[in-house]
Enquirer: 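Dropping a structure here in structure tokens format, bear with me for questions.
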Number of protein chains: 2
Amino acid sequence: MTQLQTMPVTADSLFEQLELAIHEHRIAPGTKLGEDEIGEIYGVSRTTVRAALQSLSHERLVELKRNKGAFVAQPSIKEAREVFEARSLLEPRTAHSAALRMTDEHIENLQRHIDAEHDALHSGDNGRALYLSGKFHIEIAQIADQETIAAFIKQLISRSSLIIALYWQRRSALCESNAHHALMSAFADRDGDRAQELMKSHLVDLITSLDLRNIESSPSSLRDALTR
Amino acid sequence: MTQLQTMPVTADSLFEQLELAIHEHRIAPGTKLGEDEIGEIYGVSRTTVRAALQSLSHERLVELKRNKGAFVAQPSIKEAREVFEARSLLEPRTAHSAALRMTDEHIENLQRHIDAEHDALHSGDNGRALYLSGKFHIEIAQIADQETIAAFIKQLISRSSLIIALYWQRRSALCESNAHHALMSAFADRDGDRAQELMKSHLVDLITSLDLRNIESSPSSLRDALTR
DNA sequence: GTGCGCAAAATTGTATACAATCTTGAAAAC
DNA sequence: GTTTTCAAGATTGTATACAATTTTGCGCAC
């Protein structure tokens with residue numbers, strides 16, 4: 001099994017492919033990412049793989065253990081709380097700014113994203129739907145024209161994807177995009193205050209849909225605690 | 001000129017050395033960081049240097065231009081505003097949390113930092129004083145026990161150091177640590193609300209001490225615009 | 001059969017070698 | 001004298017080779 005594509009695979013493109021695979025839950029938290037293994041799959045040398053893995057570790061999607069290798073990150077419960085705490089500091093205020101700067105074109109783009117998310121969900125591609133759902137938040141930050149904050153939010157959403165993979169409790173409705181629709185309404189009205197409040201509620205709903213009790217739950221982390 | 005130390009220089013330690021040098025203004029924004037040049041100075045191969053430079057670029061302290069090399073970042077005026085916008089979203093609330101969790105030991109540590117900052121300032125080592133001043137903010141975030149937010153603040157403060165190097169107007173008093181002393185008072189009282197307000201004011205003062213008018217100022221960026 | 005020890009295999013960390021791209025500067029054309 | 005061309009030098013991007021560390025598993029003692 002070698003060489004999956006004809007275009008030359010650069011360190012950056014490899015980073016993006018791995019990032020997307022993790023974000024779409026095609027690779028599970030805790031999975032070891034061996035340098036030789038990935039190098040053979042994509043037909044590149046370990047040098048290139050290492051650069052990509054290092055980038056992923058900076059985004060906190062991968063944990064590098066010295067002389068041990070790279071593993072898809074497994075955020076702890078404390079880290080999960082911290083990620084949503086950070087999001088609740090950044091995203092509501094950013095939604096406010098975005099609402100005030102929103103153009104008709106922005107709204108159309110966001111609406112298309114919601115539609116695509118809806119399609120993915122109904123075609124059973126939950127990973128894809130989750131990815132698109134996250135991208136919705138990132139685009140809001142970009143509309144707010146705050147690239148610095150947008151970069152933070154982008155990282156936090158990627159990490160949220162790992163958190164959802166680990167702690168999401170099935171009983172809660174899967175990412176019903178009601179919240180996103182409501183946000184769209186506030187954006188259409190250019191109502192900054194309402195957008196801010198809706199985003200705040202949305203994040204509370206999200207964290208509520210997780211099981212963050214310290215019950216030594218998550219099967220993989222227990223197994224991991226014994227072998228590391 | 002080779003080999004400055006006897007301990008083996010690892011990619012991580014090289015990252016820290018370069019980060020500190022940039023933070024203390026020993027390397028100016030815009031400086032080219034050639035891989036061979038750094039490698040010879042520290043007695044390591046380009047492989048190690050590249051890993052360190054990549055880490056620095058993730059922290060936004062260095063800009064990597066493909067096939068051109070690594071340069072100490074030169075934040076634009078827009079980016080400078082964004083950095084302080086992000087700080088004003090994160091730091092006041094974090095100071096609030098920190099005040100409520102503050103132990104006597106924490107307060108003693110912070111006080112020692114302020115003293116060291118004071119000493120550095122009076123011994124004329126402005127770069128060192130600036131570094132310690134930034135570290136004060138980082139430690140507050142760590143006391144708040146929010147590692148995720150602390151990591152963001154750490155990056156924002158490093159970038160603030162570059163911003164200060166580019167846009168600080170000499171006429172404003174140099175980082176008078178009055179604001180830090182006032183914060184210490186609020187911390188000593190465990191007064192979260194006051195700490196939050198003081199931090200907010202402190203950040204406003206900081207940005208006010210900068211010259212962020214779009215006058216095509218900063219000599220180096222003009223020269224750079226023509227040569228890139 | 002169980003547990004320990006140690007050597008071989010495997011994996012990562014770093015250095016070196018080669019390829020691709022960019023920069024420089026001098027010669028030639030005008 | 002100025003501009004253009006293009007080749008040589010310099011620098012980065014990637015691959016390969018070697019060193020250091022960790023993991024594995026077989027053999028041996030008990």
Side-chain angles (χ1 to χ4, degrees), chain A residues 1-19 27 30-58 61-74 223-228, chain B residues 1-19 27 30-58 60-74 220 223-228:
Chain A
M1 186 69 63
T2 62
Q3 198 75 12
L4 288 181
Q5 50 186 30
T6 164
M7 279 285 293
V9 177
T10 179
D12 289 340
S13 68
L14 180 54
F15 164 78
E16 288 173 9
Q17 296 220 26
L18 292 174
E19 180 188 40
I27 313 178
T31 304
K32 166 145 193 185
L33 302 174
E35 297 177 356
D36 275 324
E37 188 180 356
I38 295 174
E40 280 192 24
I41 291 172
Y42 289 94
V44 294
S45 72
R46 282 180 50 223
T47 305
T48 302
V49 175
R50 279 177 72 84
L53 290 176
Q54 201 193 338
S55 294
L56 288 167
S57 85
H58 280 288
L61 292 183
V62 156
E63 189 179 354
L64 293 182
K65 305 183 184 179
R66 188 172 180 90
N67 289 321
K68 295 272 187 68
F71 302 82
V72 178
Q74 302 185 96
R223 180 172 172 279
D224 197 64
L226 304 176
T227 56
R228 84 170 40 156
Chain B
M1 185 71 61
T2 61
Q3 198 74 12
L4 288 181
Q5 50 186 31
T6 162
M7 278 285 293
V9 177
T10 179
D12 289 340
S13 68
L14 180 54
F15 165 78
E16 288 173 9
Q17 296 220 26
L18 293 173
E19 180 188 40
I27 313 178
T31 303
K32 166 145 194 184
L33 303 175
E35 297 178 356
D36 276 324
E37 188 181 355
I38 296 174
E40 280 192 24
I41 292 172
Y42 290 93
V44 294
S45 73
R46 281 180 51 225
T47 305
T48 302
V49 175
R50 278 177 74 82
L53 290 177
Q54 202 193 337
S55 294
L56 288 166
S57 84
H58 280 289
R60 308 288 187 121
L61 291 182
V62 155
E63 188 178 355
L64 293 182
K65 305 183 184 180
R66 187 169 180 92
N67 290 321
K68 295 271 186 66
F71 302 82
V72 178
Q74 301 185 92
S220 62
R223 179 173 173 281
D224 197 62
L226 304 176
T227 55
R228 78 170 48 156

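Numbers restart at 1 for each chain; the letters A, B, ... are given by sequence-line order, proteins then strands.
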Enquirer: Starting at CD of B:Gln74, measure out to OG1 of B:Thr31 and round the result to the nearest 0.5 Å.
Expert: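 Spacing of CD (B:Gln74) from OG1 (B:Thr31) equals 8.0 Å.
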Enquirer: Quickly work out the A:Phe71 CZ to C:dT11 C1' distance and round it to whole Å.
Expert: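 Computing the A:Phe71:CZ to C:dT11:C1' distance gives 10 Å.
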Enquirer: Base of D:dT16, side chain of A:Thr47 - is there a donor-acceptor contact under 3.5 Å?
Expert: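 Such a pair is found, so the answer is yes.
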Enquirer: Check the phosphate of C:dT14 against B:Thr10, side-chain N and O only, distance under 4.0 Å to OP1 or OP2. Yes or no?
Expert: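 Looking at the OP1 and OP2 atoms of C:dT14, one of them is under 4.0 Å from a side-chain N or O of B:Thr10.
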Enquirer: Does any part of the side chain of A:Ile38, heavy atoms only, come nearer than 4.5 Å to the side chain of A:Leu14, both counted from C-beta?
Expert: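 Touching, per the 4.5 Å side-chain cut-off.
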Enquirer: Which pairs, protein N/O on one side and nucleotides 18-23 of chain D N/O on the other, fall under 3.5 Å?
Expert:
residue : atom : partner : partner atom : Å
D:dT21  : O3'  : A:Asn67 : ND2          : 3.4

Enquirer: Could you tell me if the side chain of B:Thr10 sits less than 4.5 Å from the side chain of A:Arg66, heavy atoms only?
Expert: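 Yes, side chains in contact.
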Enquirer: Only pairs under 3.5 Å count here: list side-chain donor-acceptor contacts from residues 47-54 of chain B, not counting sequence neighbours, and write none if there are none.
Expert:
residue : atom : partner : partner atom : Å
B:Arg50 : NH1  : B:Glu35 : OE2          : 2.8
B:Gln54 : NE2  : A:Ala51 : O            : 3.0
B:Gln54 : NE2  : A:Ser55 : OG           : 2.7

Enquirer: Can you measure B:Phe15 atom CZ to C:dG13 atom C1' for me and round it to whole angstrom units?
Expert: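 After rounding, the gap between these two atoms is 18 Å.
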Enquirer: How many whole angstroms separate atom CD of B:Glu35 from atom P of C:dA15?
Expert: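 Answer to the nearest Å: 13 Å.
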Enquirer: How many whole angstroms separate atom CD of A:Glu37 from atom P of C:dA10?
Expert: 14 Å
Enquirer: Rounded to the Å, how far apart are A:Glu40 CD and C:dA10 C1'?
Expert: 13 Å
Enquirer: On the nucleotide D:dG13, are OP1 or OP2 found under 4.0 Å from the side-chain N or O atoms that A:Thr48 carries?
Expert: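 Looking at the OP1 and OP2 atoms of D:dG13, neither is under 4.0 Å from any side-chain N or O of A:Thr48.
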Enquirer: C:dT11 C1' sits how many Å from A:Lys65 NZ, rounded?
Expert: 15 Å
Enquirer: Is there a side-chain polar atom (N or O) of B:Arg50 under 4.0 Å from OP1 or OP2 of D:dT12?
Expert: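 Answer no for this pair, as no side-chain N or O of B:Arg50 is under 4.0 Å from OP1 or OP2.
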Enquirer: Rounded to the nearest 0.5 Å, what separates atom CD in B:Glu19 from atom CD in B:Gln17?
Expert: 11.0 Å
Enquirer: Rounded to the nearest angstrom, tell me the gap between atom CG in B:Leu64 and atom C1' in C:dT21.
Expert: 16 Å
Enquirer: Rounding to an integer number of Å, can you tell me how far A:Leu33 CG sits from C:dT11 P?
Expert: 14 Å
Enquirer: Just how far is it from atom CD1 of B:Ile27 to atom CG of B:Leu18, taken to the nearest 0.5 Å?
Expert: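 It is 6.0 Å, given to the nearest 0.5 Å.
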Enquirer: With respect to the side chain of A:Lys32, which nucleotide from C:dT14, D:dG13, C:dT12 is positioned closest?
Expert: C:dT12
Enquirer: What's the shortest heavy-atom distance between A:Val9 and A:Tyr42, and which atoms?
Expert: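 Scanning both residues completely, I find the closest heavy atoms to be CG2-O, 3.8 Å.
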